[in-house]
Amino acid sequence: RLGRTDMKVSAISFGAWGIGGTWGPVDDEESLRALHAAVDAGVNFIDTADVYGDGRSEGLIAELRKERPGDTIYVATKAGRRLPVQTPEGYSRANLSAWVERSLRNLELEAVDLLQLHCPHPAVYDMPEVFGILDDLVQAGKIRYYGISVETVDEALRGIRHPNVQSVQIIFNMLR
């Protein structure tokens, strides 16, 4: 079970950064084969972001879900990296709502299973109004749950002070 959500997710998830094509050429058919192979192997949780290929990754996940209507596939997407410069003021109601609506269109969903703030400006963790906007998006049925994607343990600890943060994703890869 993921946090306090009702989602029972696989121990291993599919990270969809690579299939967005940001880091070089990708073949959408090959990406879909990789997504299908992951689901065939028991993966039911896919992590993406609105900026992975400028929505390309989210679109491929929508295609996968159409091709596998009987499978439970949870989708976590992230928002916030569309800002040209990371500023606390960028996490406004208008921007958060627009980012969520764009992801909903890309993913062809009525509600995102899990929306994570995508490594926002560190001051955002001290802005309860941002988390209030996320609460409002839950109330509106646009997102089911929300969490944070962080760069440091300090950011994670500051973020989990907000009672409805359901997940913390911390950057952990060979490049860092």
Side-chain angles (χ1 to χ4, degrees), residues 1-20 22 26 28 30-53 55-81 96 99-120 125 131 134-135 137-153 155-176:
R1 196 170 128 201
L2 181 64
R4 296 179 308 242
T5 73
D6 65 352
M7 295 186 288
K8 291 185 178 163
V9 300
S10 49
I12 296 175
S13 67
F14 186 100
W17 185 14
I19 67 173
T22 304
V26 294
D28 288 348
E30 184 177 359
S31 296
L32 279 168
R33 284 193 300 276
L35 285 163
H36 280 287
V39 174
D40 289 344
V43 170
N44 73 343
F45 187 74
I46 301 173
D47 171 72
T48 190
D50 59 353
V51 293
Y52 294 175
R56 181 180 191 173
S57 175
E58 290 178 329
L60 287 166
I61 294 163
E63 185 62 31
L64 171 74
R65 289 174 51 88
K66 279 190 272 190
E67 292 176 8
R68 300 192 73 122
D71 291 323
T72 298
I73 301 171
Y74 297 109
V75 179
T77 196
K78 293 182 284 298
R81 284 306 200 187
L96 284 163
W99 297 331
V100 168
E101 289 296 336
R102 185 175 190 273
S103 287
L104 289 172
R105 283 190 305 276
N106 289 344
L107 290 162
E108 299 180 31
L109 292 171
E110 291 184 24
V112 172
D113 294 312
L114 176 68
L115 178 80
Q116 298 182 105
L117 296 182
H118 199 173
C119 299
Y125 300 110
F131 296 88
L134 295 172
D135 288 333
L137 289 167
V138 170
Q139 281 294 110
K142 300 292 182 176
I143 60 177
R144 295 182 59 224
Y145 303 103
Y146 64 84
I148 52 178
S149 181
V150 302
E151 295 192 9
T152 68
V153 171
E155 290 172 349
L157 292 171
R158 288 168 48 216
I160 62 173
R161 291 183 310 194
H162 302 281
N164 294 321
V165 168
Q166 299 296 321
S167 66
V168 175
Q169 178 184 53
I170 191 160
I171 293 174
F172 182 77
N173 66 40
M174 64 185 195
L175 300 176
R176 290 190 169 196

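The first residue of the sequence shown is numbered 1, and numbering continues consecutively from there. Everything quoted here is computed from the prediction, not taken from an experiment.
What you find for Pro120 and Ser149 is that their closest heavy atoms are CD-O, 3.9 Å. Scanning all heavy atoms of the two residues, the minimum distance from Ser31 to Val26 falls at OG-CB, 4.4 Å. Summarising the geometry of Leu114 relative to Ser167, their closest heavy-atom pair is CD2-OG, 3.5 Å, with the distance given to 0.1 Å. In terms of heavy atoms, Val43 sits closest to Phe45 at CG1-O, 3.5 Å. Taking every heavy atom of both residues into account, Thr152 and Ile170 meet most closely at C-CD1, 3.8 Å. When all heavy atoms are compared, the tightest approach of Ala156 to Val168 is CB-CG1, 3.7 Å.
Under the 3.5 Å distance criterion, the side-chain polar atoms of Asn44 are matched with a main-chain donor or acceptor of Lys8. Looking only at distances, no side-chain donor or acceptor of Ser57 sits under 3.5 Å from a matching main-chain atom of Trp17. Judged by distance alone, with hydrogens and angles left aside, the side-chain atoms of Gln166 form no donor-acceptor pair with the main-chain N or O of Gly147 at under 3.5 Å. A distance-only check finds a donor-acceptor pair linking the side chain of Thr22 to the backbone of Gly53 [under 3.5 Å].
Using a 4.5 Å heavy-atom threshold, the side chains of Trp99 and Leu115 count as separate. Taking 4.5 Å as the limit, some side-chain heavy atom of Gln116 sits within range of a side-chain heavy atom of Asp47. A heavy-atom distance below 4.5 Å is not found between the side chains of Ile19 and Leu32.
Of the candidates Lys78, Arg81, Glu58, Tyr52 forms a side chain to side chain donor-acceptor pair (under 3.5 Å) with just one, namely Lys78. Of the residues listed (Asp6, Leu2, Leu134, Val165), the one engaging Tyr145 in a side chain to side chain contact (heavy atoms under 4.5 Å, CB included) is Asp6, and it is the only one.
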- prompt: Can you list the steps and then say if Asp28 with Arg56 is a side-chain contact (heavy atoms from CB on, under 4.5 Å)?
  reply: CA-CA 9 Å; Asp28 288 348; Arg56 181 180 191 173; 2.9 Å; yes

Please determine whether side-chain contact (heavy atoms from CB on, under 4.5 Å) holds for the pair Glu63 and Leu35, giving the CA-CA distance in whole Å, both sets of side-chain angles, and the decisive distance to 0.1 Å.
CA-CA 10 Å; Glu63 185 62 31; Leu35 285 163; over 6 Å; no

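Rounded to the nearest 0.5 angstrom, Asp50 CG and Leu107 CG are separated by 9.5 Å. Distance check: Asn164 CG to Asp135 CG gives 4.5 Å after rounding to the nearest 0.5 Å. Considering OH of Tyr74 and OG1 of Thr5, their distance stands at 7.5 Å, rounded to 0.5 Å. Going from atom CZ of Arg65 over to atom CD1 of Ile46 covers 8.5 Å, rounded to the nearest 0.5 Å. Here the OH atom belonging to Tyr125 is positioned 5.0 Å from the CD1 atom belonging to Ile148, to the nearest 0.5 angstrom. Taken to the nearest 0.5 Å, the CG atom of Asp40 stands 13.0 Å off from the CZ atom of Arg33.
Around CD1 of Ile171, the count of heavy atoms belonging to other residues, nucleotides or ligands within 6.0 Å exceeds 12.
Under the salt bridge (charged side-chain N to carboxylate O under 4.0 Å, His left out) criterion, Asp71 pairs with Arg68, not counting sequence neighbours.
For residues 161-175, the set of pairs meeting the salt bridge (charged side-chain N to carboxylate O under 4.0 Å, His left out) definition, not counting sequence neighbours, comprises Asp126-Arg161. Judged as a salt bridge (charged side-chain N to carboxylate O under 4.0 Å, His left out), the pairs with a partner in residues 102-117 (not counting sequence neighbours) are, in order, Asp54-Arg102, Lys66-Glu108, Asp113-Arg144.
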